[in-house]
Structure formats: structure tokens, C-alpha cells
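Working notes, structure below.
Keep in mind it's a predicted model, so treat the numbers as computed, not measured.
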Amino acid sequence: MSQKTRFTKSALAVAVAIVSTQAWSAGFQLNEFSSSGLGRAYSGEGAIADDAGNVSRNPALITLFDRPTFSGGAVYVNPDVSISGTSPSGQSVDAGNIAPNAWVPNIHFVAPINEQFGWGASLTSNYGLATEFSDNYAAGSMGGKTDLTTANMNLSGAYRLSNSWSFGLGFNAVYAKAKLERYAGDLGLLTAAQLRARPDFATNQNLQALAGYAGSLSNDTQIARLKGDAWGFGWNAGILYEIDKNNRYALTYRSEVKVKFDDGDYRSSLTNNPLINAALTANGLPYGTGGATIGGSLDLNLPEMWEVSGYNRVAPQWAVHYSLTYTSWSQFQELKATGNDGQTLFQKEENFKDAYRIALGTTYYMDDAWTLRAGIAYDDSPVPASHRSISIPDQDRLWLSTGATYAFNKDASVDVGVSYMHGQKVKFTEGPYTFSSEGKAWLYGANFNYAF
């Protein structure tokens, strides 16, 4: 698997988060759109309507609001992701805290028009990732720095078809901004050693020149830097079925979003000598530009998502809620970036598989002021074991969550939530390196809600 393609996986395959951190759902998906949802592990979100944040998941819930309602807040993500492994050069490739802390804000507003119609708007995020390694990291060609910020702006409307059925439809505009840096690490030394071991090395001047050049690269030589921003557009829809006010079920859909990075900037400190550059790319290094900046483009398809959810108030003070989410990650099969002259800067087969998320939670309505909640969830990773990388060290994850709402009066309230996530330990090979990765995270959220 080539290094010129590998850096794409974290550069633009991570393309959507308001403020991104290590992907704290399967693949590079994010769930952190409300603090009340955080407290129940985002179980039953399509069928619950306890604050305006739920409408970003299912626009049909707009019909359950009888006055304009606002919700705004943020989730603070505190991850702990470590990498350990070995390099054939003998240099250490251990790294800790590769995922930075971050805030993920959210804003929602819902406004009923009459008993049948209403509209809503939100600013949230559905995807994201960020990982950081030092510039002189031995496996810098695999890690380096990846940073992405995005915003998902949603405008939606809903119509009540009958006492039992409601339907909602939304439009999504996604803005993505990405920046990626990769460094040579010890890959130059390893490449030089491989070339010198070839039987024809003594008689092949091109191999000798390439080995000499590769061996001269220092760990902090920047072999690739890519940045760009782009817009993508999609839609979402939801159906809500109410048996009565205490029992509701929902089916929601979020479409694929195609993000086209047509005006990205790419540069590499690797030589732009045509002969050496051809040999470098043939041996798995990125396309060299001699430090010059050139244009690049890449198309990224963010997958569609289906969710079935339910809410049942089984007793005056108790409710249970649950969700099954299915994400069509198999739509994410390949990444290919090209230069303005049509040259391939990198190309990589991703071969993601479809994945699911299952969540179960409960809510306790203690009194008019206090509501308590808890939840558990499991995220299935869509990344095949053969395609894991340290820039996306994805793994199956277990969520444990709890939270509360305090109502100051009938108009104003505050939600708080906390989740602990733990990922399974995974081992994988990437290029010449062998890695082990294990991650966990604490998430803390708070939202203020107000009904006008």
C-alpha cells in the first residue's frame, strides 16, 4: 500500500466535523449533536422530542412542539488514544495522546406554524477526525498531522398527516475544511536499504541515485502537505408514528453527501526531478513538487444513514428508548486525488463495509424540575482489518452514558451529559510498520434550552 495514497485516508476521508477530534463513533462519524442525547448514548433520538436538538435527527418531530424552542451548547471530547509498534529501522513508533481535545458545538431552533406545519434549523456535525504526531515521528509518512473543521447546516420542515403520522424533510449544506501534513520519518532510510538490497543495484544508476536521495531525507522532511475546502449538499427525511403520547416510533434517513475538493493546494518537499520523482512514486512515496504548491482535486462521498428508533413511557416516571442505525459505509470504496495536469497525486482503495450502531437507554422523570437519563451503545467499525491506519485507528466501541435535565421553570432548562467510550485493542500492519492501537474517551456536554 503506497504512502502517496495513505495520507489521503486521513486528509480528506475525514471530511466532516464542526470541530473535529478523533472519530468517536464508527469510521469517522460523529454523534455529538446534543447533550441530552449524550446522556442516553443517543438512544431513541428519532422518536424523542424533549428538546430542539432531536429535530436534527428526525425533522418529523417538529410536529410535537407547540411553541418556538431553542437549544444551544457543546460537547467537550477528551480522548486518550495511544499507538505502539515497531519499525524495521529500530526507531520507536510509540506515540500517546495522538487525538487532541476539542469542543463540538451545536445550535438548534424549532418553530411551529400551526397544528399541522412547522420548521426547524440546526448547525451540527455528522463526521470528523483529527490526529497529531510530532514532525520527527519515525512513522511520519503514516501519521503526521490531520486537521479538519466543518459545519453541517440543516433547514427542515414537517407536516402532520394525521393524529398518528407525521413526515419531515430537511436540506443539508456541508462545509468542509481540511489540512494534512506528512513527514518522511525513517521511511527514506528503509527505502534506501530496500533499494540497495536489490540484485541489480550495483549496475543500475537510477536505483543508486534514488537510494542516495531517499537516504538523505531527514525524519522531519515534509513529504506532503494538502489543504482545501469545499461544499457538499444532501437531504434528510423522517417519519414519526404515534400510537399515543407515550409510545412513538420513527424511521429516519440521511442521504449521501458528495464533497468535491476541486481547488485544493498540494505541495511536497520531495524533489521534482522527473526521473527521481517517477521512481519515488513507483516506490510508494508521494508526488514530489520540490516545495512548489500545485492544485489538486478529490471527490469524497460521505455515506447515507438509516435509523429505526422507539420511545415508550412504560410507567408515569419511567421511559425506555432504543435505536438501530445502519450506515452504508460500502459507498466509501476509493479515494483518488489528481493534479491540475491530470497526474495522479495519490490513489487508495478503502473498501469500507456497511456498519451498524445499536443503543438502549432509559429516562426517569423525577419531578417537574429534574429528569435523569442513562444509556449504553455499541458502535460497529466499518474499517476492515486490512485497511486500518494510525491516522484512522478505528475500532469497535462501547458507550456508557448518563445525564440530567434541570428545568428552572416551564420555559428554561439545562441539559448535562457524560459518556465514557472504550475501544477494543487492535493490531495491524501499515507499510513496513507493525502497530497496536487502543483508545478511550470521556465526553462532557451541556446545553441551554428555552421555549418562547
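A salt bridge links Glu307 with Arg57: at least one charged nitrogen is closer than 4.0 Å to a carboxylate oxygen. Taking the charged nitrogens against the carboxylate oxygens, Asp135 and Arg182 have no contact shorter than 4.0 Å, which rules out a salt bridge. In this structure, Lys427 does not pair ionically with Glu438, as no charged nitrogen and carboxylate oxygen lie closer than 4.0 Å. Salt-bridge check for Asp263 with Lys227: failed, with every basic side-chain N at 4.0 Å or more from each acidic carboxylate O.
The aromatic rings of Tyr450 and Phe452 sit perpendicular, their planes meeting at an angle over 60°, well past the 30° parallel limit.
Under the 3.5 Å distance criterion, the side-chain polar atoms of Asn246 are left unmatched by any main-chain donor or acceptor of Arg313. In this structure, Asn152 contributes its side chain and Ser125 its backbone to no donor-acceptor pair below 3.5 Å.
Residues Val257 and Phe233 share a closest heavy-atom pair of CG1-N, 3.7 Å. Closest heavy-atom contact between Ser218 and Ala184: O-CB, 3.5 Å. The nearest pair of heavy atoms linking Ala47 to Arg248 is O-NE, 2.9 Å.
Annotation: Tyr76 is not in aromatic contact with Trp442 [ring centroid separation under 6.0 Å not met]. A centroid separation of 6.0 Å or more is found between the aromatic rings of Phe167 and Tyr159. When ring centroids are compared, Trp399 and Tyr378 stay outside the 6.0 Å threshold. For Trp318 and Tyr364, the distance between ring centers is under 6.0 angstrom. Taking the six-membered ring for Trp, Tyr253 and Trp306 have ring centres closer than 6.0 Å. When ring centroids are compared, Phe70 and Phe448 stay outside the 6.0 Å threshold.
Surrounding CG of Asn163 are at most 12 heavy atoms belonging to other residues, nucleotides or ligands under 6.0 Å away.
With values rounded to the nearest 0.5 angstrom, Asn101 atom CG is found 9.5 Å from Asp80 atom CG. For the atom pair CG of Asn54 and CZ of Phe65, the computed distance is 6.0 Å after rounding to the nearest 0.5 Å. Between the CG atom in Leu372 and the CG atom in Asp367 there is a gap of 8.5 Å [rounded to 0.5 Å].
Counted by atom type alone, Ser87 and Asp186 present one or more donor-acceptor pairs between their side chains at under 3.5 Å.
Across Asn106, Asp415, Asp51, a single residue satisfies side chain to side chain donor-acceptor pair (under 3.5 Å) together with Asn447, and that is Asn106.
The side-chain heavy atoms of Asn172 and Met153, taken from C-beta on, include no pair separated by under 4.5 Å.
Partners of Arg373 by salt bridge (Lys or Arg N to Asp or Glu O under 4.0 Å), not counting sequence neighbours, listed by chain and number: Asp50.
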> When you look at Asn247 and Tyr311, which way does the side-chain hydrogen bond (donor to acceptor under 3.5 Å, both in side chains) test go after all the steps?
Replying inline: CA-CA 6 Å; Asn247 296 278; Tyr311 169 88; over 6 Å; no
